[in-house]
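Notes follow once the structure below has been shown.
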There are 2 protein chains.
Amino acid sequence: MERQSNLVTGSIDSLLLCLLYQQPMYGYQIIKELEERSRSYFKFKEGTLYPALHRLEKSGLLDGKWQTTAVGRQRRYYHITEKGYKSLAKRRVQWLDFLSAMNLIIRPVSA
Amino acid sequence: MERQSNLVTGSIDSLLLCLLYQQPMYGYQIIKELEERSRSYFKFKEGTLYPALHRLEKSGLLDGKWQTTAVGRQRRYYHITEKGYKSLAKRRVQWLDFLSAMNLIIRPVSA
DNA sequence: ATTTATACCTAGCTTGGCTAGGTAATAGTA
DNA sequence: TACTATTACCTAGCCAAGCTAGGTATAAAT
């Protein structure tokens, strides 16, 4: 299972929105979740994730809130916003369109 | 049909290798072919394509040869190399792995 | 004669992933 | 007790790469 990081690049924001639509999470958790759910395919670097979360929050697609655990640890939980959900819906369509286009090139149908 | 250019970014080199594996082509032709075959989804900019072709040639995946048409027009035809074909085969696997991983996140299967 | 299409090129802007560092608290271990 | 690993966050700066916006030149069409 070899990862080509270029491929992932364009889908990072969508992956985050998709995950946080299912459930609010904090950064460190997101990294672990993505790795586990994808059977170790996705291994987000912190230098990739945190700036991405900040970007998405700044553009209003996510909303981050600090929470303190029982043991006093600080975590920043990210929730998807209404705007974020709309963006996610749009991205799902774009993803399918992209797949269709890729298939037309990769697997050309004989006329 | 809305294109999210980020999505395409990681697949540009693979698309070119895939296309040129089927048949050698010159730059301008590649742009037209990709647009036609993908039903207008792909609309490569020259500033994207030419540097990509040069990059792939420099790294030995493509081989470019100048040819002159009957009317005297100069065209640079790109052929895929042995190394390029091996790379393409690898990229096909990576593409499928990527799709699998994406599906695991986008369409989580209930346990 | 002018415009459009063909056919190539690239300097420089900008976005964004990632490296490589940092801080700080908790949990586990020798 | 001291050390290491894990959790949890952050970011300056490097670097790759798409794209804008320009350029050159020829051929075809109007």
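Letters A, B, ... are given to chains in the order of the sequence lines, protein chains preceding strands, and every chain is numbered from 1. The figures here come from the full heavy-atom set of this structure, side chains too, leaving out hydrogens, waters and symmetry mates.
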Measuring from the side chain of [X] (C-beta onward, heavy atoms only), which nucleotide among [options] has the closest atom?
| X | options | result |
| --- | --- | --- |
| A:Lys32 | C:dT10, D:dA8, D:dT7 | D:dT7 |
| B:Pro51 | D:dT11, C:dT10, D:dG18 | C:dT10 |
| B:Tyr28 | D:dT20, D:dT7, C:dA5 | C:dA5 |

Roughly, in whole Å, what's the span from [atom1] in [X] to [atom2] in [N]?
| X | N | atom1 | atom2 | value |
| --- | --- | --- | --- | --- |
| A:Lys45 | D:dA8 | NZ | P | 19 Å |
| A:Arg55 | D:dC10 | CZ | C1' | 15 Å |
| A:Glu33 | D:dA8 | CD | C1' | 16 Å |
| B:Lys43 | D:dC19 | NZ | C1' | 16 Å |
| A:Asn6 | D:dG18 | CG | C1' | 12 Å |
| A:Ile30 | D:dA8 | CD1 | C1' | 12 Å |
| B:Lys58 | D:dA16 | NZ | P | 12 Å |
| B:Ile31 | C:dT6 | CD1 | C1' | 11 Å |

Please tell me whether A:Tyr21 and A:Leu56 are part of a single hydrophobic cluster in this structure, the criterion being side-chain heavy atoms less than 4.5 Å apart.
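A:Tyr21 and A:Leu56: one cluster.
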Just call it for [X]: base, sugar-phosphate, or nothing, with non-hydrogen atoms closer than 4.0 Å on any strand.
| X | value |
| --- | --- |
| B:Gly27 | sugar-phosphate |
| A:Glu46 | base |
| B:Arg73 | base |

Does OP1 or OP2 of [N] have a side-chain N or O of [X] closer than 4.0 Å?
| X | N | value |
| --- | --- | --- |
| B:Tyr50 | C:dC8 | yes |
| A:Tyr26 | D:dA8 | yes |
| B:Arg76 | C:dC8 | no |
| A:His54 | D:dT11 | yes |

Quick check: does any side chain N or O of [X] sit under 3.5 Å from a backbone N or O of [Y], one acting as donor and the other as acceptor?
| X | Y | value |
| --- | --- | --- |
| B:Thr81 | B:Leu61 | yes |
| B:Ser59 | B:Arg55 | yes |
| B:Gln94 | A:Gln4 | no |

A:Ile30 and A:Leu53, any side-chain heavy atoms less than 4.5 Å apart:
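Yes, close enough: below the 4.5 Å cut-off.
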Contact nearer the 5' end of DNA chain C, comparing A:Thr48 with A:Val71
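Residue closer to the 5' terminus by nearest nucleotide: A:Thr48.
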Angle between ring planes, B:Tyr41 versus A:Phe98, binned at 30° and 60°: parallel, tilted or perpendicular?
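B:Tyr41 and A:Phe98: tilted rings.
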Between B:Tyr50 and B:His54, how do the two ring planes meet: parallel, tilted or perpendicular, split at 30° and 60°?
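Tilted, since the angle between the ring planes falls between 30° and 60°.
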Let's see if you get this right: which residues in residues 7-23 of chain A place a heavy atom under 4.0 Å from DNA chain D?
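By residue number: none to list.
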For a side-chain contact (heavy atoms from CB on, under 4.5 Å) with A:Leu20, tell me which candidate from A:Tyr77, A:Tyr85, A:Tyr78 qualifies.
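Only one of A:Tyr77, A:Tyr85, A:Tyr78 forms a side-chain contact (heavy atoms from CB on, under 4.5 Å) with A:Leu20, namely A:Tyr78.
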